[in-house]
Amino acid sequence: RKRMRAGAPPPGSSRGNLGNGVHISEALPVITSASFSSGLGTGAVMAPPVRYCIPGERLCNLEEGSPGSGTYTRHGYIFSSLAGCLIKSSENGALPVISVMRETESQLLPDVGAIVTCKVSSINSRFAKVHILYVGSTPLKNSFRGTIRKEDVRATEKDKVVEIYKSFRPGDIVLAKVISLGDAQSNYLLTTAENELGVVVAHSESGVQMVPISWCEMQCPKTHTKEFRKVARVQPEFLQT
Amino acid sequence: YVPVKGDHVIGIVTAKSGDIFKVDVGGSEPASLSYLAFEGATKRNRPNVQVGDLIYGQFVVANKDMEPEMVCIDSCGRACGMGVIGQDGLLFKVTLGLIRRLLAPDCEILQEVGKLYPLEIVFGMNGRIWVKAKTIQQTLILANILEACEHMTADQRKQIFSRLAES
């Protein structure tokens, strides 16, 4: 493997054995823009060398920087947890904050306890699968997947038979809360077991947007048929008429 | 065929996984049938259902958003003729319209067929009929008659029945 570096090797990257037997060598290739733009010619202005890093790469010592977003600390060193550009913000006095950024804006991830807006993609007798579209009031660029289990649909009468078909339908917009980051299939576990959570926008079988009547029914203004949903009690100041 | 709640259908067991059977009913999705949905079935006393068996049951859940669920038991827990269909016999398909005609309250075709031979017959609303008579030849004759009833007029039918009754 060819090693390409613009400057001195990063401090703290000498060979060493970490306590648990992991051996990190310096042979991680660091690709810099200097190596790419070497053929540009004298007229081109060279951008300052941008350092890219990969997850698990050891960046520096804790004495030389403090960890920011996209990094984690282990055994007194700072490691990168994302694949992206390394950014050092030099502050006056305090240690520089070292962070790794993938794109210009950092992706907002749903946290445990955050209210998310999602759209139901498919239903099953045991759970409903949803696409998470908004976290709070910011839209997500890539939608995440979530699951609302049958037990988490209602707060009261959980033991009574809750029919997912009478609470959600595919295509409904639902306000839910994250209870867990989920299993290996990266499905967030969500709940609607509160009065303010549940279906906000739903379309009837005839395709018209329905109006909520109670906490468990919505009515179509065109055909006047009632359908069962688990309706969210939205605060009056947020309703637009 | 589009599954409708409450319809009685004939299904073919295609898979057995854990607690449920997957039953092909001729719709877009196989229906699921729990092993507890038979008369007298408990966790210890499992019903004797194998892959490839014919099942006569009704739908409890059938809508356009979820996979259909069927049971072989009515709301009181009695079988009412539902369950695994016995050995022998012949399963064949007809159009959905013919099934509804045959199951109408005053159906002459059924009365005439009953006078011909002693037989057992099961109609599924998904277009499937299971017939069993004493001999294989009689079974095949009955199957052919029922399939042909789709296109015959009443007179043609009476002719055929009288010819069969003579021979």
Side-chain angles (χ1 to χ4, degrees), chain A residues 118-131 145-154 159-174 176 187 190 192 198-210 216-220 223 225-231, chain B residues 1-9 11-39 41-43 46-47 49 55 57-78 82 125-126:
Chain A
C118 37
K119 185 170 184 167
V120 180
S121 63
S122 67
I123 55 176
N124 199 322
S125 49
R126 287 187 309 249
F127 48 78
K129 295 266 191 205
V130 300
H131 284 289
R145 305 287 251 116
T147 307
I148 305 181
R149 285 181 309 177
K150 192 165 80 162
E151 313 72 82
D152 299 326
V153 173
R154 282 210 289 217
D159 302 328
K160 231 173 125 182
V161 176
V162 174
E163 280 213 35
I164 294 267
Y165 192 62
K166 292 198 175 149
S167 317
F168 307 118
R169 296 278 172 95
D172 288 352
I173 308 289
V174 174
N187 274 328
L190 308 171
T192 52
V199 175
V200 185
V201 173
H203 289 266
S204 72
E205 316 240 317
S206 39
V208 183
Q209 186 166 334
M210 291 198 287
C216 57
E217 274 188 340
M218 285 182 122
Q219 190 172 30
C220 168
T223 58
T225 49
K226 294 188 188 169
E227 287 181 30
F228 291 105
R229 299 285 202 278
K230 200 268 172 194
V231 188
Chain B
Y1 170 65
V2 175
V4 173
K5 182 173 169 175
D7 258 7
H8 292 258
V9 293
I12 306 174
V13 179
T14 52
K16 200 159 114 163
S17 71
D19 294 342
I20 58 168
F21 304 110
K22 285 281 179 223
V23 180
D24 164 49
V25 293
S28 54
E29 270 185 301
S32 66
L33 169 64
S34 162
Y35 76 97
L36 289 171
F38 290 86
E39 184 172 18
T42 59
K43 291 197 183 155
R46 287 175 175 248
V49 178
I55 300 267
Q58 64 175 341
F59 288 114
V60 287
V61 171
N63 47 58
K64 60 181 169 75
D65 300 319
M66 301 203 293
E67 75 161 353
E69 289 174 29
M70 60 187 287
V71 290
C72 290
I73 203 175
D74 68 357
S75 46
C76 300
R78 292 179 303 226
M82 294 190 274
M125 297 294 287
N126 51 345

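Naming convention: chains lettered A, B, ... in sequence-line order (proteins, then strands); numbering from 1 in each chain.
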(Q) Measuring from atom CZ of A:R169 to atom NZ of B:K64, what distance do you get when rounded to the nearest 0.5 angstrom? (A) 7.0 Å
Q | Heavy-atom neighbours of B:K16 NZ exceed 12 at 6.0 Å | A | yes
(Q) Could you check whether atom NZ of B:K22 has more than 12 heavy atoms from other residues, nucleotides or ligands sitting under 6.0 Å from it? (A) yes
**Q.** Minimum side-chain heavy-atom gap B:V61-A:Y165 below 4.5 Å
**A.** no
Q. With only heavy atoms counted, which part of A:S125 is less than 4.5 Å from chain B, the side chain, the backbone, both or neither?
A. both
Q. Taking only residues two or more places apart in sequence or in another chain, which ones pass salt bridge (charged side-chain N to carboxylate O under 4.0 Å, His left out) with A:E163?
A. none
